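Have a look at the structure below before the remarks.
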Protein chains: 2
Amino acid sequence: MERADAARNRSAILAAASRLFAAHGVDAVSMDAIAAAAGVGKGTPFRRFGDKAGLAVALLDERERELQGRILSGEAPLGPGTDAAPPGPGTDTAARLRAFSEAYLDYALGHLDLLRMSETSSPGARYRIGSYRFWHRHTAILLGELGWVDPDAGAHALLAPLAAEHLGAVASELGTERLRRAAADHLDRLLGSGT
Amino acid sequence: MERADAARNRSAILAAASRLFAAHGVDAVSMDAIAAAAGVGKGTPFRRFGDKAGLAVALLDERERELQGRILSGEAPLGPGTDAAPPGPGTDTAARLRAFSEAYLDYALGHLDLLRMSETSSPGARYRIGSYRFWHRHTAILLGELGWVDPDAGAHALLAPLAAEHLGAVASELGTERLRRAAADHLDRLLGSGT
DNA sequence: TTCATAAACGGACTGCGGTCCGTTATGTTT
DNA sequence: AAACATAACGGACCGCAGTCCGTTTATGAA
């Protein structure tokens with residue numbers, strides 16, 4: 001179990017990081033500054049969170065879990081719904097994918113800079129963090145239900161345009177409204193719009 | 001025009017970088033090391049290429065231009081072919097997109113680490129470099145010919161799974177063969193496989 | 001209460017990307 | 001050929017992410 005001082009420092013660091021990120025932007029805040037603001041030594045944030053990306057992940061954790069909860073056990077179309085039947089061709093799998101894409105977009109666009117920090121700090125970071133594995137697994141399962149040949153690979157391809165890096169660039173070039181419409185169109189084309 | 005010493009240093013730096021990258025991998029080679037190996041001061045590579053990503057772009061330039069040439073004026077299906085007719089619904093636009101995807105995959109998988117360096121150094125780097133604008137423009141034009149509602153946004157979405165970061169992660173998880181098949185499948189779904 | 005142990009701490013340290021500015025080379029003009 | 005203007009140079013310098021290790025502190029056992 002976690003020692004008392006460790007727990008105290010963890011929350012102090014998270015609070016300081018949250019405050020400084022909101023005030024100056026994620027990129028403009030150094031780990032030194034966070035440690036100083038939290039009243040801890042420079043090494044502590046690294047021991048606690050690994051690196052700056054890990055800190056971002058920890059800050060995103062709460063919102064993330066909420067979305068994951070809605071997916072796992074929330075209402076349709078995002079979640080499985082109250083339907084007692086086991087998941088299968090009966091439920092509208094395509095609708096669940098569409099709902100996921102929209103919900104994820106909402107989540108991501110609301111925390112773009114934090115998400116980008118969590119995904120782009122080290123090479124391949126995005127694909128290693130737990131949350132990506134979750135989104136990937138969820139997507140792959142649904143694609144499997146739809147009969148895709150290689151759901152794992154398909155899920156990666158489906159998630160690629162949802163990367164923070166991509167969203168940030170496209171949103172700033174085309175605006176979020178066009179981005180949302182394009183994401184919906186894209187999914188319709190992949191899943192078959194009418195089906 | 002470029003001064004003689006500048007030209008000399010530029011090629012010395014490119015040669016040194018190419019050699020060191022091949023020997024130790026892109027990430028393991030510092031700019032200091034490149035400058036030292038090229039026999040120039042530490043500031044020179046930065047003045048010449050801006051940053052490490054710019055150096056990577058310069059090294060990719062030749063291969064890149066070759067592919068761009070084949071697209072602009074090469075044979076079908078990648079290029080417009082010898083067809084004297086103006087581009088339009090007559091030529092097989094979907095086939096050109098498929099050919100582009102395959103050719104780009106070959107190019108990218110052959111230089112993954114260099115490409116990743118060029119795309120992920122600074123936030124949004126990928127979307128600013130000239131070559132991305134080229135691939136995007138080409139793709140958008142073809143999507144326009146196919147009657148897509150928002151070809152610009154569609155092109156971004158189509159290129160997202162071709163990002164170096166994405167290719168690297170998926171290739172190391174699923175292998176290049178599965179990756180290639182998945183990319184082809186993905187495009188088939190987006191364009192309509194039979195059409 | 002004391003003690004032992006292991007966890008946590010903190011700040012000095014390293015290496016890197018990138019900048020700055022006084023110095024030097026280049027090529028042009030007279 | 002000499003002087004001039006300016007482009008290019010080079011290395012000291014900065015800030016940051018991340019590491020290391022001697023020191024401190026929490027905690028459970030004696």
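The sequence lines fix the lettering, A, B, ..., with proteins before strands; numbering per chain opens at 1. These numbers were taken from a predicted model, which means no experiment stands behind them.
For the pair M1(A) CE and dA6(C) C1', the interatomic distance rounds to 14 Å; values are reported in whole Å. Remark: P of dG18(C) and CG of D27(A) are 14 Å apart, rounded to the nearest angstrom. Taking atom CE of residue M31(B) and atom C1' of nucleotide dG11(D), one finds them 15 Å apart after rounding to whole Å. The separation between D5(B) atom CG and dT6(D) atom P is 17 Å, rounded to whole Å. Between the C1' atom of dA17(D) and the CG atom of D32(A) lies a distance of 9 Å, rounded to the nearest Å.
Annotation: of the two residues near DNA chain C, A28(B) and E2(B), the 5′-most nearest-nucleotide partner is A28(B).
Between E66(A) and R70(A) there is a salt bridge, since at least one side-chain N of the basic residue sits less than 4.0 Å from a carboxylate O of the acidic one. In this structure, R178(B) pairs ionically with D150(A), as a charged nitrogen and a carboxylate oxygen lie closer than 4.0 Å.
Near DNA chain C, meaning a heavy atom under 4.0 Å away, the residues from residues 8-24 of chain B are R8(B). Remark: nothing in residues 114-122 of chain B comes within less than 4.0 Å of DNA chain C through any heavy atom. Against DNA chain D, the stretch residues 43-55 of chain A makes heavy-atom approaches under 4.0 Å through F46(A), D51(A), K52(A).
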Anything under 3.5 Å between a donor and an acceptor, one on a side chain of residues 105-116 of chain B, the other on a protein residue two or more places apart or in another chain? List them.
{"from": "D106(B)", "atom 1": "OD1", "to": "R180(B)", "atom 2": "NH1", "distance (Å)": "2.6"}
{"from": "Y107(B)", "atom 1": "OH", "to": "E64(B)", "atom 2": "OE2", "distance (Å)": "3.2"}

Report, one line per pair, each donor and acceptor closer than 3.5 Å where one atom sits in a side chain of residues 43-60 of chain A; sequence neighbours left out.
{"from": "D51(A)", "atom 1": "OD1", "to": "A53(A)", "atom 2": "N", "distance (Å)": "3.3"}
{"from": "D51(A)", "atom 1": "OD1", "to": "G54(A)", "atom 2": "N", "distance (Å)": "2.9"}
{"from": "K52(A)", "atom 1": "NZ", "to": "V26(A)", "atom 2": "O", "distance (Å)": "3.3"}
{"from": "K52(A)", "atom 1": "NZ", "to": "V29(A)", "atom 2": "O", "distance (Å)": "2.7"}

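The one candidate from R137(A), H156(A), R126(A) that meets the side-chain hydrogen bond (donor to acceptor under 3.5 Å, both in side chains) condition with Y132(A) is H156(A).
For R65(A), the side chain to side chain donor-acceptor pair (under 3.5 Å) test picks out D61(A), with sequence neighbours left out.
Among the nucleotides dG11(C), dT27(D), dG10(D), the one closest to the side chain of R3(A) is dT27(D). Of the candidates dG10(D), dT26(C), dG10(C), the closest approach to any side-chain atom of V40(B) belongs to dG10(D).
For H138(B) (side chain) and I71(B) (main-chain N/O), no donor-acceptor pair under 3.5 Å exists by modelled atom type. Listed for the S11(B) side chain is a donor-acceptor partner under 3.5 Å among the backbone atoms of R8(B). A donor-acceptor contact shorter than 3.5 Å is absent between the side chain of S18(B) and the backbone of L14(B).
Note that CG of L158(B) and NE2 of H186(B) are 7.0 Å apart. Values are rounded to the nearest 0.5 Å.
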Problem set entry | Worked verdict on F134(A) versus I129(A) for side chain to side chain contact (heavy atoms under 4.5 Å, CB included) | CA-CA 9 Å; F134(A) 182 94; I129(A) 57 183; over 6 Å; no
